Amino acid sequence: MSFKASKYPQHLAKTSPQALGLEVESAKGSYLWDKNGKRYIDLIAGISVMNLGHQHPAIVAAVKNQMDRYAHVMVYGEFVEDNTRQLSEKLNSCLPKQLNCSYFVNSGTEANEAAVKLARRHTGRSKIISFRGAYHGSTLGSLSISGNEKKKSSFRPLIPDVEFINLNEHRELEKIDGNTAAVILEPIQGDAGVRIASNEYMLALRAKCDEHGALLIFDEVQSGIGRTGKLYAFMHSEVVPDILTSGKALGGGLPIGCLISSQEIMSSFSSDPMLGHISTFGGNPVACAAALAVLTEVNDSTILDHVEAKGALLESHLQHPKIREIRRKGLMLAIDLASEEMVESLIFKALDRGLILFWFLSQAQSFRIAPPLNIDDQDLIESAEIIKEILDEIV
Ligand code: PLP
């Protein structure tokens with residue numbers, strides 16, 4: 001079943017046999033409009049990107065201002081540009097003191113690739129430990145450290161010396177040893193269907209990494225920028241990573257990725273070899289202007305104070321006999337149904353009724369909800385009612 005899949009533009013590459021196919025005219029706040037003027041409530045936010053909603057005035061103004069000055073003048077790491085510098089200072093002021101050095105790249109996957117390179121270069125070791133169910137991106141390196149075998153097998157050989165362990169299983173931490181360059185963890189696994197690392201587990205993981213001199217990388221590309229009610233999900237715990245990766249919502253709709261570490265660790269990229277990671281568009285001033293506006297808004301407004309309450313409100317309205325389980329932190333939700341077919345049917349019927357939902361990559365029996373963080377309570381309640389009406393209909 002597909003919505004206008006045959007109409008998907010002929011000269012545009014497809015990523016699946018079926019596409020939602022919504023032809024977008026405009027977007028504002030928590031709504032999208034199609035070419036026929038039909039309105040949709042956006043419960044996905046471009047897959048956890050538009051955390052402040054569409055067309056947030058502060059982001060639009062920041063981007064326009066920078067475009068009036070210039071768009072691009074140099075590759076990353078040579079010139080000093082206002083927004084790029086200010087964004088690094090802003091991140092420094094928001095994060096624990098050891099995370100004081102930012103490297104801006106273009107996407108989440110590039111941030112993770114660079115983080116793995118940095119860990120290998122810094123420790124002189126090669127082994128990377130990742131988690132079953134993890135998703136770190138679609139380029140070869142990030143695919144190698146992602147857990148979904150179905151998505152990986154056609155692209156082998158991938159990078160060697162990667163091992164996988166189960167989230168929250170303490171005894172598997174024994175795999176971390178003196179050969180381990182880094183462990184990479186999503187503190188809340190996104191595409192595995194919102195699987196949350198316990199604080200106790202994160203503490204044990206941190207201790208094991210310290211014991212063996214392995215670096216701890218947290219991938220917060222999806223869980224970052226307020227999605228769970230804190231700027232980054234690791235801030236709910238007592239554990240600080242050696243390297244933090246960010247992306248998606250950081251750019252408020254413009255493409256940006258970022259890895260953040262200490263000055264000492266990050267300095268490994270500037271020698272032996274120098275230019276250890278380079279990027280033409282990394283630190284792009286327009287993307288950094290947008291990101292600076294996002295962080296300023298998240299910090300200076302009360303938006304984060306309401307995320308948990310909004311998530312709880314939605315969850316309380318999503319009680320239905322066909323919903324098997326809801327996993328949630330803030331406004332990051334996975335909702336389990338009985339089958340993949342039910343999820344499929346729900347997503348297309350919801351679209352028909354003006355509600356945007358979406359799948360997970362590695363969890364076919366669940367659907368995701370990740371709306372703008374400032375979505376109206378009334379829109380959450382209305383959305384839950386539509387979902388329940390559809391669930392009444394489908395078998
Ligand atoms: N890491 C996580 C946790 C993600 O959810 C994603 C994207 O969904 C990525 C990395 C890859 O980010 P990008 O698509 O910007 O390359």
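All ligand and atom numbering here is 1-based and tracks the order in the structure. On a predicted model such as this, the values are computed, not experimentally measured, just so you know.
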Engineer: Dump the intermediate steps for side-chain hydrogen bond (donor to acceptor under 3.5 Å, both in side chains) on His277 and Glu113, then the final yes or no.
Structural biologist: CA-CA 10 Å; His277 189 80; Glu113 296 257 350; over 6 Å; no
Engineer: Going by atom types alone, do Thr228 and Ser223 pair a side-chain donor with an acceptor below 3.5 Å?
Structural biologist: no
Engineer: Would you please say whether a donor-acceptor pair under 3.5 Å links the side chains of Glu81 and Tyr70?
Structural biologist: yes
Engineer: With no hydrogens and no angle check, just 3.5 Å: does a side-chain donor-acceptor pair link Asp161 and Ser126?
Structural biologist: yes
Engineer: Restricting to pairs with a member in residues 283-335, which pass ring pair (Phe, Tyr, Trp, His ring centres under 6.0 Å), not counting sequence neighbours?
Structural biologist: none
Engineer: Will you find, in the side chains of Asp34 and Tyr40, an N or O donor that is under 3.5 Å from an N or O acceptor?
Structural biologist: yes
Engineer: Can you pull every nitrogen or oxygen pair between ligand 1 and the protein closer than 3.5 angstrom?
Structural biologist:
{"unit_1": "ligand 1", "atom_1": "1 (N)", "unit_2": "Tyr135", "atom_2": "O", "d": "3.4"}
{"unit_1": "ligand 1", "atom_1": "1 (N)", "unit_2": "Asp219", "atom_2": "OD1", "d": "3.3"}
{"unit_1": "ligand 1", "atom_1": "1 (N)", "unit_2": "Asp219", "atom_2": "OD2", "d": "2.7"}
{"unit_1": "ligand 1", "atom_1": "5 (O)", "unit_2": "Gln222", "atom_2": "NE2", "d": "2.7"}
{"unit_1": "ligand 1", "atom_1": "8 (O)", "unit_2": "Lys248", "atom_2": "NZ", "d": "3.3"}
{"unit_1": "ligand 1", "atom_1": "15 (O)", "unit_2": "Gly108", "atom_2": "N", "d": "2.9"}
{"unit_1": "ligand 1", "atom_1": "16 (O)", "unit_2": "Thr109", "atom_2": "N", "d": "2.9"}

